[in-house]
Amino acid sequence: MGVDGLVRTDYCGNIRTSDIDNEVTLFGWVQNWRDHGGVIFIDLKDREGIVQIVFDPSVNEKNHKQASKLRSQYCIGIKGRVRHRPEGTVNPNLKTGEVEVVVDELKVFSQSDILPFPVEEYVNVNEEIRLKYRYLDLRKPRMQKNIITRYKGAFAVRKYLDSQGFIDIETPILTKSTPEGARDFLVPSRLSQGKFYALPQSPQLFKQLLMVSGFDRYYQITKCFRDEDLRADRQPEFTQIDLEMSFVAEDDVMAVTEGIIESIFKETLGIDVKPPFKRIKYQEAMDRFGSDKPDMRFSLELKNLTDIAKTADFKVFNSVANSGGLVYGLNATGCINFSRKEIDDLTNLVAIYGAKGLAWIKVKENELQSPIVKFFGREQMDSILKALNAKPGDLLFFVADKPKVVYDALGALRLEIAKRLKLTDKNEYNFVWVTDFPLFEWSDEENRFEAMHHPFTSPIAEDLEYLESDPAKVRARAYDITLNGVEIGGGSIRIHRSDVQERMFRALNIKDEEAKAKFGFLIEALKFGAPPHGGIALGLDRIMTLILKEESIRDVIAFPKTQKGVCMLTDAPNDVDVKQLNELSLKVLKKKTEK
RNA sequence: GGAGCCGUAGUUCAGUUGGUUAGAACGCUGGCCUGUCACGCCAGAGGUCGCGAGUUCGAGUCUCGUCGGCUCCGCCA
């Protein structure tokens with residue numbers, strides 16, 4: 001038991017006045033040391049926190065001498081006696097600040113090289129070097145807290161789902177490539193030369209098959225893989241809380257999801273989030289917030305001015321409004337003092353989303369200041385001001401363009417203005433369900449309709465008749481859950497009839513043979529008594545990022561990858577031996593970057 | 001595929017209009033110190049200014065390229 005005759009009795013961070021006079025054995029890392037020539041203080045740290053240990057030459061000279069050699073991040077074990085700190089030396093900043101441990105026995109397990117960066121919370125270190133030495137970065141209390149809280153959240157999910165009769169079932173990691181949707185990570189097969197597995201983008205098809213098998217309620221907290229570009233909230237491998245239920249409708253899945261969220265927040269933050277969460281239909285979310293993941297912690301709503309714009313003399317507006325485009329306005333309440341430069345910055349912001357310009361009006365007490373006001377008649381301008389509820393001191397913005405550009409640009413502008421006005425409270429958790437998504441989305445690139453959610457999503461029954469005649473009109477039985485403007489999950493009621501599934505593939509312009517080759521096993525399975533079913537997948541990483549108030553998903557993942565998908569720690573991905581390639585009948589062609 | 005920001009000591013940063021030997025703090029090494037807690041005091045070591053070209057009498061500073069990190073657009077059923 002133990003190490004070198006030492007058996008741990010406590011974690012450093014847990015020593016309290018109740019332990020006074022007890023003999024304790026502690027293991028940990030030297031966080032800091034203060035050598036006064038005589039007495040030496042060491043802050044000994046483990047995952048639970050820090051406790052001060054004391055070496056006194058008058059108590060044990062040999063230990064004291066050895067302790068003078070201790071340096072930052074040495075790994076040691078000690079046996080000693082807990083005592084109250086002398087009067088006037090209590091440290092109220094430490095949970096263990098009333099006590100200290102007088103050391104009787106010291107074992108040095110590992111010395112430490114000079115650190116590549118200070119393992120101290122108060123030093124902001126470049127993320128590149130943090131990731132290279134991630135194991136040291138993870139020693140910091142903030143990262144320990146993040147990883148441990150993540151565990152608590154995941155465990156809360158398991159407890160809750162177990163209590164609701166869900167069964168955790170593993171699904172394959174080596175599976176079939178289905179090029180619909182995200183790009184797959186491919187794994188070459190040695191036994192079937194020239195063929196490839198794909199890593200799952202989600203367990204979607206397998207969990208549907210599990211419903212056909214009668215498991216009724218399935219869940220899994222599992223890795224998913226998507227070979228797409230990374231972002232602050234996107235990693236190539238990420239963790240989903242994935243679940244599926246039979247004999248249910250939207251409300252059932254949403255209720256379970258709310259139960260999960262409630263459990264996570266209770267077990268991690270101790271907060272009651274109080275379901276049911278509010279719901280908004282997709283079209284309304286776009287119309288009011290310019291986003292299908294609206295941050296509803298603040299209002300700053302968009303206003304549709306297209307009808308007014310149709311009759312305006314301002315060509316930029318009326319030509320767009322009369323040719324299928326939209327003209328929307330946004331009242332940046334009280335922002336009249338925005339400088340020319342600030343407005344230019346915001347113009348650059350909307351340009352990212354394709355907006356060709358950003359019209360504005362400053363509403364003063366007795367006049368309007370604006371480059372565009374001269375193009376409007378008195379009545380038109382009055383109706384615009386009225387629509388935007390403009391008051392003196394307000395700054396009004398307008399974008400006229402294709403619907404997607406208008407929504408994206410003003411949606412982003414809305415968020416930026418909220419940020420500048422500090423309208424968002426990180427301690428508020430504002431959950432919103434977004435429902436009634438369109439089933440399809442037109443793809444200019446593919447020149448066909450694509451599934452907005454995925455091709456297994458059930459259409460709303462009353463829209464089923466338009467599946468062939470007017471796909472754009474068909475709504476999906478899909479729902480996303482958002483938190484503070486972040487999509488944290490999405491799901492749907494699935495198609496459980498093979499004939500409907502086949503119609504769906506046809507609507508997506510996927511030929512029968514192709515559908516059979518790619519998804520034949522699903523279509524077939526749906527022919528053997530498939531129950532009505534639906535489910536959802538929640539992004540654990542994103543949820544934890546919000547709970548922990550981090551900016552990046554990387555800070556809640558133990559070993560994340562950089563923006564280029566590189567693991568700074570291991571250097572993956574790396575070159576492999578020609579022998580390995582030969583076994584797979586693979587040959588690397590000239591790399592794209594080499595000319 | 002595209003846009004922007006960044007790269008100077010182990011770390012975090014400063015470095016003026018292009019001008020002598022590139023600085024500070026922390027850390028590190030040595031010494032002193034018996035109640036500190038981001039201890040204190042003294043001394044010291046530590047730099048190919050990411051890399052490569054170019055402009056210039058002279059480049060950390062300007063230009064171009066390149067590598068790497070970050071943010072965003074596209075992409076992410």
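Per chain, numbering begins at 1; letters A, B, ... match sequence-line order.
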Walk me through whether Y407(A) and Y328(A) qualify under ring pair (Phe, Tyr, Trp, His ring centres under 6.0 Å). CA-CA 8 Å; Y407(A) 292 137; Y328(A) 271 57; 5.6 Å; yes
Check this for me, if you would: do D137(A) and R130(A) make a salt bridge, where the nitrogen-to-carboxylate-oxygen distance has to be below 4.0 angstrom? yes
Atom P, compared across C6(B) and A22(B): separation rounded to whole Å: 25 Å
From the list G69(B), G35(B), C39(B), which nucleotide is the closest neighbour of the side chain of K564(A)? G69(B)
What's the closest nucleotide to the R231(A) side chain, out of U36(B), C39(B), C73(B)? C73(B)
Pairwise C1' distance for G30(B) and C37(B), with rounding to whole Å: 24 Å
Pick base, sugar-phosphate or nothing for Q52(A), based on heavy-atom distances below 4.0 Å to the nucleic acid. base
Closest-nucleotide mapping onto RNA chain B: is G38(A) or K404(A) further toward the 5' terminus? I mean the 5' end. G38(A)
Ranking C37(B), U29(B), C72(B) by distance to the side chain of Q563(A), first place goes to C72(B)
Could you tell me which nucleotide pairs with C37(B) by Watson-Crick or G-U wobble geometry, both distances under 3.5 Å, or answer none if nothing does? none
Salt bridge between E127(A) and R554(A), side-chain N to carboxylate O under 4.0 Å? yes
Report the nucleotide, chosen from C39(B), G74(B), C37(B), that has the shortest atom-to-atom distance to any side-chain atom of L94(A). C37(B)
Quick one: label P116(A) by what it contacts on the DNA or RNA (base, sugar-phosphate, nothing), any heavy atom closer than 4.0 Å. sugar-phosphate
Would you kindly give the CG-to-P distance between N348(A) and C73(B), to the nearest whole Å? 15 Å
Would you say R414(A)'s side chain and D295(A)'s backbone share a donor-acceptor pair under 3.5 angstrom? yes
With respect to the side chain of H36(A), which nucleotide from U34(B), C76(B), G68(B) is positioned closest? U34(B)
If you take atom types as modelled and just measure distance, does the side chain of R83(A) reach the base of G35(B) with a donor-acceptor pair under 3.5 Å? yes
Taking 4.0 Å as the cut-off, does a side-chain nitrogen or oxygen of R554(A) come that near to OP1 or OP2 on U71(B)? yes
May I have the distance from K140(A) (atom NZ) to U11(B) (atom P), rounded to whole angstrom? 12 Å
Compare side-chain N and O positions of R85(A) against OP1 and OP2 of U36(B) and report whether any pair is under 4.0 Å apart. no
Roughly, in whole Å, what's the span from CG in N126(A) to P in C26(B)? 22 Å
Touch check for T457(A), heavy atoms < 4.0 angstrom, all strands: base, sugar-phosphate only, or nothing? nothing
Rounded to whole Å, CD1 of I42(A) lies from P of C39(B) at a distance of 12 Å
Closest heavy-atom pair and its distance - P459(A), L464(A): CG-CD1, 3.8 Å
From CD1 of I129(A) across to P of G69(B) the rounded distance in Å is 14 Å
When you check the gap from the basic side-chain N to the acidic O, do R234(A) and D229(A) get nearer than 4.0 Å? no
E128(A) CD to U8(B) P, in whole Å, measures 10 Å
Which base, if any, makes a Watson-Crick or G-U wobble pair with U61(B), both distances under 3.5 Å? none
Measure from the side-chain heavy atoms of T562(A) and tell me the nearest of U12(B), C70(B), G30(B). C70(B)
Checking base pairs now: Watson-Crick or wobble, both atom distances under 3.5 Å. What partners A43(B)? U29(B)
Determine if F117(A) stacks with U11(B); use a centre-to-centre distance below 5.5 Å and an interplanar angle below 30° as the criteria. no
Under 4.0 angstrom, heavy atoms only, what part of the nucleic acid is I50(A) near: base, sugar-phosphate, or nothing? nothing
With a 4.0 Å cut-off on heavy atoms, is D227(A) in touch with a base, just the backbone sugar-phosphate, or nothing at all? nothing
Among G68(B), G35(B), C76(B), the one nearest any side-chain atom of R234(A) is C76(B)
Do the side chains of K561(A) and E237(A) get close enough for a salt bridge, i.e. N-O under 4.0 angstrom? yes
From the candidates G69(B), U11(B), G74(B), the one with an atom nearest any side-chain atom of D229(A) is G74(B)
Suppose you measure atom C1' in C76(B) against the same atom in G7(B); what distance do you get, rounded to whole Å? 29 Å
One thing to verify: whether E100(A) and R83(A) come together as a salt bridge, which I'm taking to mean a side-chain N less than 4.0 angstrom from a carboxylate O. yes
When you measure from the side chain of E100(A), which nucleotide among U36(B), C73(B), U34(B) comes out closest? U36(B)
Scan every strand shown for a Watson-Crick or G-U wobble partner of C75(B), both distances under 3.5 Å, and answer none if you come up empty. none
Counting any heavy atom closer than 4.0 Å, what does D56(A) reach on the DNA or RNA strands: base, sugar-phosphate only, or nothing? base
If U56(B) has a Watson-Crick or G-U wobble mate with both distances under 3.5 Å, name it; if not, just say none. none
Can D499(A) and R503(A) be counted as an ion pair, charged N to O under 4.0 angstrom? no
Closest-nucleotide ordering on RNA chain B, the 5'-leading residue of R226(A) and L230(A): L230(A)
Rounded to whole angstrom, note down the P distance from G4(B) over to C42(B). 49 Å
Honestly, is K473(A) close enough over Y466(A), meaning NZ or CZ under 6.0 Å from the six-membered ring centre and within 45° of the axis? yes
In whole angstroms, the gap separating C1' of C75(B) from CZ of R183(A) amounts to 7 Å
Determine: side-chain N/O of R34(A) to OP1/OP2 of U36(B), distance under 4.0 Å, yes or no. no
To the side chain of T89(A), which of U11(B), C37(B), U71(B) is closest? C37(B)
Looking across every strand, which nucleic acid part, if any, lies under 4.0 Å from L508(A) by heavy atom: base, sugar-phosphate, or nothing? nothing
Remember a base hit wins even if backbone is also touched, and classify P455(A) as base, sugar-phosphate or nothing at under 4.0 Å, heavy atoms. base
What nucleic acid atoms does N124(A) come within less than 4.0 Å of, heavy atoms only: base, sugar-phosphate, or nothing? sugar-phosphate
Taking atom P in both U8(B) and C62(B), what distance in whole Å separates the two? 15 Å
Expressed in whole Å, how much space separates the C1' atoms belonging to G27(B) and U11(B)? 7 Å
When the C1' atoms of U63(B) and U20(B) are considered, how many whole Å apart are they? 26 Å
Rounded distance in Å between the P positions of C39(B) and C28(B): 10 Å
Rounded interatomic separation in angstrom, taking NZ from K69(A) and C1' from G30(B): 11 Å
G-U wobble or Watson-Crick pairing nucleotide for C49(B) (cut-off 3.5 Å, both distances): none
